[in-house]
K.L.:
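Can you keep this structure in mind? I'll have questions shortly.
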There are 2 protein chains.
Amino acid sequence: MTRVLVVDDEPQIVRALRINLTARGYQVLTAHDGASALTAAADGKPDVVVLDLGLPDLDGTDVIAGLRGWTSVPIIVLSARTDSSDKVSALDAGADDYVTKPFGMDELLARLRAAVRRSATSPTAGEDAVVETASFTVDLAAKKVHRDGAEVHLTPTEWGLLEMLARNRGRLVGQKQLLQEVWGPAYAKESHYLRVYLAQLRRKLEPEPSHPRHLLTEPGMGYRFEL
Amino acid sequence: MTRVLVVDDEPQIVRALRINLTARGYQVLTAHDGASALTAAADGKPDVVVLDLGLPDLDGTDVIAGLRGWTSVPIIVLSARTDSSDKVSALDAGADDYVTKPFGMDELLARLRAAVRRSATSPTAGEDAVVETASFTVDLAAKKVHRDGAEVHLTPTEWGLLEMLARNRGRLVGQKQLLQEVWGPAYAKESHYLRVYLAQLRRKLEPEPSHPRHLLTEPGMGYRFEL
DNA sequence: GGGATCGTTGACGGTGTCTTGACGACGTCG
DNA sequence: CGACGTCGTCAAGACACCGTCAACGATCCC
């Protein structure tokens, strides 16, 4: 789900955006001043930021600069000012788009889609798309697994499981979490599936399937992908 | 040096842009209709396109779609129409920005800088307009397929499918993704179409249609274009 | 108006995958 | 020491999916 951070100090604008965005399946985070916008962006990891320039505490370009210091998340600026100089300074500070109030909701949504589409195709996502271990490599973007140079074929379920573990590499992933993500919310208790498919993955990927080095079991808790 | 392709049929606009852009160190290419814009984009490999929607020959969204078929170069649309629906359709067709005439030169230049800055940070991943395999060649810009020197005729649907796969060559493309892109969002579950059209493509392009080497099936997941 | 092309839909067989059950090994706790 | 729960392994049937062929309308072009 796409996460949108809406930064505006006018409640009615925030409300209108929240309603429209939520109705279209976006997840909406909000902040009402510059300082909380920066922390919310760091905390909520939004996919796109809608930023009003007329904030009470910070200048708009400072907020943009504060974001651009560590993230390349798309920023769409809202502003009541139609001055060309305002637009130029905001865009040059690092904003991706500039919409003047009053704005049409259709247009804003279209510009938001465009911004999200752009950033989706560029692999700037913080995580690396290819995970490598001593015995095999997982390419998350291409959905391919290689072992000793040769490609290993995985079934959809096997891949879903491996992908979930690889995206959380190093961390423990609970069985319930795995089951709900790969099989669906109704399968939260079918822990037998995990045993069957972990065995299959180990047989395909581990040098010694009975003594796994990368696909580890944490008894009673879940599984962990270790590099 | 940054190369800008300016597409507009009004000479005075082209002249004004050429002067301003050249003075700021851009290299300027021009086209005055949709058809020549497409060839100029394929030929001149611009870093950004400024596109007027009111062209004499083609509809603006068709030009955008024609470009988006093979390149992700940023497109900034110029238009005299302020209709919200025009903006939405242009942005959803793949445009990056939409500026209404009359526009301030400062603002356009700032939006242009923003568009170039964005695309500069994303690695222009091996996006070649012509994809070559051992048995056939796909020219994404010209929308043509050759096999053994001769041109192969593809229907629009066949082409849409092949284009989508070729643009994601090496990567697995989910069936839902293919269906939504080629047939439309309402066809996300009509996976039967994929089987029929993949069979047709293989019959036309693969040396052994029953043992495909380039248009591969990943059961339960999707299809993959392998070089 | 006639013919060809294209998109859509149905039926069919074959193959691979998912699900399910049974069984033994291991560790823990009463 | 024995009961219990968890885990790993194996096997077999049910099922979904894929590829293929063919027929039907709709549309476009001559």
Side-chain angles (χ1 to χ4, degrees), chain A residues 143 145 151-165 172-224, chain B residues 143 145 151-165 172-184 186-225:
Chain A
K143 289 200 194 323
V145 183
E151 187 172 338
V152 181
H153 176 74
L154 296 184
T155 71
T157 310
E158 286 165 3
W159 171 258
L161 197 54
L162 181 62
E163 179 180 2
M164 182 73 177
L165 289 168
L172 171 76
V173 188
Q175 336 193 8
K176 199 163 117 188
Q177 203 179 341
L178 280 170
L179 287 162
Q180 289 189 352
E181 178 72 23
V182 178
W183 277 271
Y187 293 74
K189 303 198 151 228
E190 302 284 349
S191 62
H192 188 43
Y193 290 3
L194 290 178
R195 288 193 279 282
V196 173
Y197 276 91
L198 257 298
Q200 288 182 5
L201 279 177
R202 284 171 179 146
R203 200 177 328 131
K204 288 186 177 182
L205 302 177
E206 291 274 5
E208 300 178 70
S210 50
H211 297 83
R213 294 172 51 195
H214 306 106
L215 299 168
L216 308 179
T217 302
E218 300 281 349
M221 317 261 310
Y223 294 86
R224 184 209 324 256
Chain B
K143 291 197 188 304
V145 184
E151 183 174 340
V152 180
H153 173 71
L154 295 185
T155 72
T157 308
E158 286 166 2
W159 172 258
L161 195 55
L162 182 62
E163 174 183 334
M164 183 71 176
L165 289 168
L172 188 151
V173 189
Q175 10 190 9
K176 199 163 118 189
Q177 204 179 340
L178 281 169
L179 287 162
Q180 290 188 352
E181 177 74 22
V182 178
W183 277 270
Y187 293 74
K189 306 205 134 204
E190 302 285 348
S191 61
H192 190 44
Y193 290 4
L194 290 178
R195 289 194 279 281
V196 173
Y197 276 90
L198 257 299
Q200 289 181 6
L201 279 177
R202 292 203 255 245
R203 205 177 319 135
K204 289 186 176 182
L205 301 177
E206 291 274 4
E208 299 178 70
S210 50
H211 296 84
R213 293 174 51 195
H214 306 105
L215 299 168
L216 307 179
T217 301
E218 298 283 348
M221 300 201 278
Y223 293 85
R224 183 200 308 275
F225 187 115

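Being a predicted model, the structure only gives us computed values, none of them experimental.
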K.L.:
Under 4.5 Å between any side-chain heavy atoms of A:L161 and A:Y193, yes or no?
P.N.:
no
K.L.:
To the nearest Å, give me how far apart CG (B:L201) and P (C:dC6) are.
P.N.:
12 Å
K.L.:
Select from A:E190 and B:Y187 the residue whose nearest nucleotide in DNA chain C is closer to the 5' end of that strand.
P.N.:
B:Y187
K.L.:
Let's see if you can work this out: which of C:dC18, D:dG8, C:dC6 has an atom nearest to the side-chain heavy atoms of B:P156?
P.N.:
C:dC6
K.L.:
How long is the straight-line distance from OH of B:Y223 back to CG of B:L194, given to the nearest 0.5 Å?
P.N.:
5.5 Å
K.L.:
Would you mind telling me which of C:dG7, C:dT20, D:dC18 lies closest to the side-chain atoms of A:H192?
P.N.:
C:dT20
K.L.:
Rounded to the Å, how far apart are B:L161 CG and C:dG7 C1'?
P.N.:
13 Å
K.L.:
Between A:Q175 and A:M221, which heavy-atom pair has the shortest distance, and what is it?
P.N.:
CG-O, 3.1 Å
K.L.:
To the nearest angstrom, how far is A:W183 atom CH2 from C:dT19 atom C1'?
P.N.:
11 Å
K.L.:
From the options C:dC18, D:dG19, D:dG8, select the nucleotide whose nearest atom is closest to the side chain of A:T217.
P.N.:
D:dG8
K.L.:
Between C:dC6 and B:Y197, is there an OP1 or OP2 to side-chain N/O distance shorter than 4.0 Å?
P.N.:
no
K.L.:
Name the closest nucleotide to the A:Y193 side chain, picking from C:dT20, D:dT20, C:dT17.
P.N.:
C:dT20
K.L.:
Rounded to whole angstroms, how far apart are CG on B:L194 and P on D:dG19?
P.N.:
10 Å
K.L.:
What's the CZ-C1' distance between B:R202 and D:dT20, to the nearest Å?
P.N.:
11 Å
K.L.:
Select one nucleotide: of D:dT6, D:dT20, C:dT17, the one nearest the side-chain heavy atoms of A:R195.
P.N.:
D:dT6
K.L.:
D:dC17 P sits how many Å from B:Q175 CD, rounded?
P.N.:
8 Å
K.L.:
What is the distance from NZ of B:K189 to P of C:dT8, rounded to the nearest Å?
P.N.:
19 Å
K.L.:
Does OP1 or OP2 of C:dC18 have a side-chain N or O of A:T155 closer than 4.0 Å?
P.N.:
yes
K.L.:
Hey, which of these two, A:V196 or A:M221, hits DNA chain D nearer its 5' end, going by closest nucleotide?
P.N.:
A:M221
K.L.:
What is the distance, to the nearest angstrom, from the CG atom on B:L198 to the P atom on D:dT20?
P.N.:
10 Å
